[in-house]
Amino acid sequence: MITVMGATGNTGRKITKLLLEAGEEVLALGRSPEKLAELAAMGARTVAGDVRDARHLTSAFAGADAVYTLTAFDPTLPDYHADQDRRGEAIVEAVRESGVRHVVALSSIGAELSGGNGFIASLHRQEQRLRALDGVDVMLLRPGAFFEGFHAALETIRHEGVVADSVAPDAKVPMVATADVAAVAAGALRERNWSGIVVRELLGPRDLTYAEVTAVIGAAIGRPDLAYVRLPDEELVAILTGSAGFSSDFAALLVEFNRALSDGRLHSLDGRNASNTAPTEFEEFAVELAHAYPAGV
């Protein structure tokens, strides 16, 4: 049996479906029974609960051959890192108490840094907690930025006619499709063929700039003149804490994260190679954005 946290999220849903298609028994965890219903219909066992509750997680991990863990984030909370620490500590306690021996944990490029990397700093602390577990084989997945993050840009395109963020337009950013992350995670959960602590970077076929991404999106949605506008940090914070509903704490962390991207501090440590280069091109993913774009017009 394999337990999947965040089973209704970007990576967890795809992992759960891949495991079920492969004939695995899956326990899918999430917050909402309604959202878990689709996975239950596909054959997964499902449990809804608070992932900050170590007892809930211990019960869900008990008897599992492997677990997929993540610390899902809420950008509206006034103290983001404190909430992430609660989630991370609950996961580690549950792994320890349940006796599970194989963990695939979602982290991020840049998690080797203890600070100056915005919201990624909490993933650094979670990696340290997982590394301290005794007798547990842990795979730390460090993907680049998710392609899916650009779904949020569609609203700005609709209303402002541009893609806008605070990342430098010419900064090369490692990016990857969540489908490629899910494929690697599902394979590891099934095979369990590593020992100790293993760091696995996951990059797309090439690093991309926000200017390049904007051009691809523009071509896909029929707006070839679509431009990328770099916002001042203060303006982005005002937007995030206003209409987007983010807390001031998370908005500041996102700006710090963007600054680290712009400065090239969040990058592959291994260098691009066959193991960490995933196949999905952003041009392929942009088809998904094009399908979503007319829905809001």
Exercise for review: Under the salt bridge (Lys or Arg N to Asp or Glu O under 4.0 Å) rule, what do Arg31 and Asp50 come out as? Steps first, then yes or no, please.
Suggested key: CA-CA 6 Å; Arg31 291 174 293 179; Asp50 185 356; over 6 Å; no
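- Under the 3.5 Å distance criterion, the side-chain polar atoms of Glu256 are matched with a main-chain donor or acceptor of Gly118.
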Practice item. Apply ring pair (Phe, Tyr, Trp, His ring centres under 6.0 Å) to the pair Tyr210 and Phe150, showing each step before the final yes or no. Key: CA-CA 10 Å; Tyr210 272 51; Phe150 286 98; 5.4 Å; yes
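- Judged by distance alone, the side chain of Arg158 and the main-chain N or O of Tyr293 form a donor-acceptor pair under 3.5 Å.
- The pair Asp134-Arg96 does not meet the salt-bridge criterion, since no charged nitrogen lies less than 4.0 angstrom from a carboxylate oxygen.
- Between Val181 and Thr11, the closest heavy-atom pair is CG1-CG2, 4.2 Å.
- The main-chain N or O of Thr209 is found under 3.5 Å from a side-chain atom of Glu212 such that the two form a donor-acceptor pair.
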Exercise for review: Carefully, step by step, assess Asp85 and Arg129 under the rule salt bridge (Lys or Arg N to Asp or Glu O under 4.0 Å).
Suggested key: CA-CA 10 Å; Asp85 287 340; Arg129 295 186 192 100; 2.8 Å; yes
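- Side chain of Ser166 to main chain of Pro232: no donor-acceptor pair is present (N/O by atom type, distance under 3.5 Å, no hydrogens or angles).
- Put simply, the side chain of Val26 reaches to within 4.5 Å of the side chain of Val4, judged on heavy atoms.
- Hydrophobic clustering places Val229 together with Ile157 (ILVMFWY residues linked when any side-chain heavy atoms are closer than 4.5 Å, directly or through intermediates).
- Under a hydrophobic-cluster definition in which Ile, Leu, Val, Met, Phe, Trp and Tyr are linked whenever side-chain heavy atoms come within less than 4.5 Å, directly or via other members, Phe146 and Ile217 are assigned to different clusters.
- For the salt bridge (Lys or Arg N to Asp or Glu O under 4.0 Å) test, residues two or more places apart in sequence or in another chain that qualify with Arg259 are Asp233.
- Using a 4.0 Å cut-off between a side-chain N of Lys or Arg and a carboxylate O of Asp or Glu, Glu93 and Arg55 do not qualify as a salt bridge.
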**Study point:** Test log, rule side-chain contact (heavy atoms from CB on, under 4.5 Å), inputs Arg142 and Asn276
**Key:** CA-CA 10 Å; Arg142 289 186 181 173; Asn276 63 22; over 6 Å; no
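- Taking the six-membered ring where the residue is Trp, Phe73 and Phe119 present parallel rings, their angle staying beneath 30° rather than reaching 60°.
- No side-chain donor-acceptor contact under 3.5 Å links Ser108 to the backbone of Ala111.
- The backbone N or O of Leu189 lies less than 3.5 Å from a partner atom in the side chain of Arg192, making a donor-acceptor pair.
- In terms of modelled atom types and a separation under 3.5 Å, the side chain of Ser98 and the main chain of Ala62 share no donor-acceptor contact.
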Exercise for review: Give the C-alpha distance, both sets of side-chain angles, the deciding distance and a yes or no for side-chain contact (heavy atoms from CB on, under 4.5 Å) between Arg200 and Val184.
Suggested key: CA-CA 9 Å; Arg200 178 78 184 272; Val184 170; 3.4 Å; yes
Exercise for review: Could you give me the CA-CA distance, side-chain angles and deciding distance for Leu19 and Arg190, then say whether side-chain contact (heavy atoms from CB on, under 4.5 Å) is met?
Suggested key: CA-CA 8 Å; Leu19 292 174; Arg190 294 188 67 209; 3.4 Å; yes
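- Atom OG1 of Thr69 sits about 6.5 Å away from atom CE of Met5, to the nearest 0.5 Å.
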Practice item. Evaluate the criterion side-chain contact (heavy atoms from CB on, under 4.5 Å) for residue pair Asn258 and Asp165; output intermediate values, then yes/no. Key: CA-CA 8 Å; Asn258 284 355; Asp165 212 319; 2.8 Å; yes
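- In this structure, Asn117 CG and His124 NE2 are separated by 8.5 Å, a value rounded to the nearest 0.5 Å.
- Rounding to the nearest 0.5 angstrom, the gap separating the CZ atom in Arg87 from the CG atom in Asp53 is 12.5 Å.
- Between the side chain of Asp180 and the main chain of Thr280, a donor-acceptor pair closer than 3.5 Å is present.
- Ion pairing of Asp83 with Arg52 is present here, as a side-chain N (NZ or NE/NH1/NH2) and a carboxylate O approach within less than 4.0 Å.
- With hydrogens and angles disregarded, no donor-acceptor distance shorter than 3.5 Å links the side chain of Asp263 to the backbone of Arg265.
- Tracing side-chain contacts under 4.5 Å through hydrophobic residues (I, L, V, M, F, W, Y), one reaches Val95 starting from Val47; they form part of the same cluster.
- Below 30°, between 30° and 60°, or above 60°: for Phe282 and Phe285 the angle between ring planes is between 30° and 60°, a tilted geometry.
- In terms of the side-chain contact (heavy atoms from CB on, under 4.5 Å) criterion, residue partners of Ser122 (sequence neighbours excluded) are, by chain and number, Tyr80, His81, Gln84, Arg125.
- By the rule that hydrophobic residues join a cluster once side-chain heavy atoms approach within less than 4.5 Å of another member, Leu140 and Leu202 end up as members of separate clusters.
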Practice item. Step by step, work out the side-chain hydrogen bond (donor to acceptor under 3.5 Å, both in side chains) result for Thr76 and Asp74. Key: CA-CA 6 Å; Thr76 67; Asp74 183 345; 2.6 Å; yes
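- Applying the 6.0 Å contact sphere to CZ of Arg223 captures more than 12 heavy atoms from other residues, nucleotides or ligands.
- In this structure, Glu201 contributes its side chain and Ile109 its backbone to no donor-acceptor pair below 3.5 Å.
- Residues Leu231 and Val255 share a single hydrophobic cluster, defined by chaining ILVMFWY side chains whose heavy atoms lie under 4.5 Å apart.
- The side-chain hydrogen bond (donor to acceptor under 3.5 Å, both in side chains) test applied to Asp137 returns His102, not counting sequence neighbours.
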Review point. Yes or no on salt bridge (Lys or Arg N to Asp or Glu O under 4.0 Å) for Glu281 and Arg206, after CA distance, side-chain angles and deciding distance?
Key: CA-CA 8 Å; Glu281 297 277 0; Arg206 67 191 192 280; 2.6 Å; yes
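- Distance check: Leu123 CG to Thr71 OG1 gives 5.0 Å after rounding to the nearest 0.5 Å.
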